[in-house]
There are 2 protein chains.
Amino acid sequence: MWDLSLLGLSDRRFKEGQALYRSGEVFDSVYVIRVGFVKTVALLEDGREQVTGFYMPCELFGLDGIASGRHRIDAVVLANSEICVVPYHRLKSCQSQSRAIQNLLNRMFSREIVREQHMLLMLGSMRAEERVAAFLLDLSERYRELGFSASEFMLRLTRQEIGSLLGLKLETVSRIFSRFHKSGLIEVEGRRVRLVNREALRLILVQSRT
Amino acid sequence: MWDLSLLGLSDRRFKEGQALYRSGEVFDSVYVIRVGFVKTVALLEDGREQVTGFYMPCELFGLDGIASGRHRIDAVVLANSEICVVPYHRLKSCQSQSRAIQNLLNRMFSREIVREQHMLLMLGSMRAEERVAAFLLDLSERYRELGFSASEFMLRLTRQEIGSLLGLKLETVSRIFSRFHKSGLIEVEGRRVRLVNREALRLILVQSRT
DNA sequence: CGCGGATTTGAACGGAGTCAATCCGCGTGG
DNA sequence: CCACGCGGATTGACTCCGTTCAAATCCGCG
């Protein structure tokens, strides 16, 4: 697993709604979540915005800034969080001293690329219900990896934010949650979700259409 | 610019339609295009597919395999191409010997992440016309960087493939090309495109809607 | 020439968006 | 303690953009 404790860095606390960085700011550090949740948001010049990532504890983000030396998106914490801020120069020196760190970092980079590819596949090829099903199953899996329940968990995002992440409108997300509930696939109350019939959810993804 | 000539690797030739790697195959190497064009394609279990990337000379791809040791998508050459195949173990040893290479590789990783974020923004937030305009302007810019004309170039992709890349159907792409043509924004014949009014194309992206 | 794949174009459909009303939960202040 | 306000969520009715289906044309190539 991801552990930079050898860097001897301490975590910093952030409050809900606080921005870790904003698009256009000089890139300085990458981030690892210890406790809490973060979303990344890409902005269009006319004000439209798109949630491009949702990050959970132990996950690394902020890598977008390396290419140009400036961040290209915003990162906003979704709840009071503890986040390990890793200055990029520290990371680089570690990287050159330890092949293990080097390989680990390469895998982290690659994992982020794969994550985004999944998102592209979703946004480009899936229907609304499929996206929501994929989203729920992905969350479930990630909570499981963290040692939490895979069948009952909290959405840390509003319907609006979920919609943005999935390329849908909030009303659509809400409607699909209701539909899934009526079909006995999930139970929802507010942001608390319980996956009642995981197999059926997965079927929504697998079954080819016409 | 991207140059791994110090690795002393020679290029290999590939024929149109040939796959450099397929989803599920063991990851071994990354690739740099010398001459030619490559698309990457993500697959859904039911057969649907999504073009996730279109790569031009000097561009690096194949990084998705590092995370899990297996490729997660297909890479297919679009024309007879010369491609530099860089075994990952070679890359790693270079990386540990030279900080310059290490930093360069980090930036390449990051660039790929940023590229995918742009695609996410497109697929999640843009309307069909905006996506096509953004696609054309992106191509134009990349041809310019390669020293080719920024205003007249060849699409290496079919309407089908462009549609897949943009999350649209081929008919929609075709219609929008026609519409742009009628509005005097571009000239199209087959896969040859000329940007007649770049400013107007850019306006399509910038102008906020209602 | 003639075939097959790519492209264009039209007509009709439908899934997700838009607009609007209502509800709900929660914190805040009278 | 309760009224109020406010942002988030739900639901319905209607719209519209992009898809689907279909037909015609183009074009490269054996």
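Hydrogens, waters and symmetry mates play no part in the numbers below; they use all other heavy atoms, side chains included.
Between the CD atom of A:E189 and the P atom of C:dC26 there is a distance of 10 Å, given to the nearest Å. Distance A:E171 CD to C:dG15 P: 18 Å, rounded to the nearest Å. Remark: C1' of D:dG8 and CD of A:E16 are 13 Å apart, rounded to the nearest angstrom. Between the CZ atom of B:F177 and the P atom of C:dA6 there is a distance of 16 Å, given to the nearest Å. Nucleotide D:dT19 holds its P atom 10 Å from the CG atom of B:L170, rounded to whole Å. Spacing between atom CZ of B:R159 and atom C1' of C:dT9 amounts to 13 Å, rounded to whole angstrom units. Rounded to an integer number of Å, the gap from CD of B:Q160 to P of D:dT20 is 11 Å. To the nearest angstrom, P of D:dA9 lies 11 Å from CE of A:M154.
At a threshold of 4.0 Å, the pair B:E82-B:R34 does not count as salt-bridged, since none of the basic side-chain nitrogens sits closer than that to a carboxylate oxygen. A salt bridge links B:R115 with B:E112; the closest basic N to acidic carboxylate O contact falls under 4.0 Å. The existence of a salt bridge linking A:R144 and A:E141 is confirmed by a sub-4.0 Å separation between a basic side-chain nitrogen and an acidic carboxylate oxygen.
B:Y55 pairs by the ring-ring contact (aromatic ring centres under 6.0 Å, His included) definition with B:F61, not counting sequence neighbours. Every residue two or more places apart in sequence or in another chain that forms a ring-ring contact (aromatic ring centres under 6.0 Å, His included) with A:F109 is listed here: B:F109. Residues satisfying the ring-ring contact (aromatic ring centres under 6.0 Å, His included) criterion with A:F27, sequence neighbours excluded, are A:H71, A:Y88.
Each end of the helix from C:dC1-D:dG30 to C:dG30-D:dC1 gets its own rotation axis from five pairs of C1' atoms, and the angle between them is 30° to the nearest 10 degrees.
With rounding to the nearest 0.5 Å, the separation of CG in B:L195 from CD in B:E187 is 10.0 Å.
A donor-acceptor pair under 3.5 Å is absent between the side-chain atoms of B:S23 and the main chain of B:D74, judged by distance alone. No donor-acceptor distance shorter than 3.5 angstrom exists from the side chain of A:S183 to the backbone of A:L185, with no hydrogens or angles considered. In this structure, the side chain of B:Y143 engages the main chain of B:M154 through a donor-acceptor pair within 3.5 Å.
In this structure, B:L137 and B:L205 have side chains that are in contact, with non-hydrogen atoms separated by less than 4.5 Å. Within the 4.5 Å cutoff, the side chain of A:L201 has no heavy atoms near those of the A:N197 side chain.
The listed nucleotides are D:dG8, D:dT10, C:dT9; the one nearest the side chain of A:R191 is D:dG8.
Using a 4.0 Å heavy-atom distance criterion, B:R131 is classed as making no nucleic acid contact.
Between A:R175 and C:dA16, a side-chain N or O to OP1/OP2 separation shorter than 4.0 Å is absent. At the phosphate of D:dG7, neither OP1 nor OP2 sits under 4.0 Å from any side-chain N or O atom of A:T158.
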Can you name the atoms? Protein N/O to nucleotides 16-18 of chain D N/O, anything below 3.5 Å, with the distance.
| residue | atom | partner | partner atom | Å |
| --- | --- | --- | --- | --- |
| D:dG18 | OP1 | B:A128 | N | 2.7 |

Shorter than 3.5 Å, N or O on both sides, protein versus nucleotides 26-28 of chain D: list them out with atom names.
none

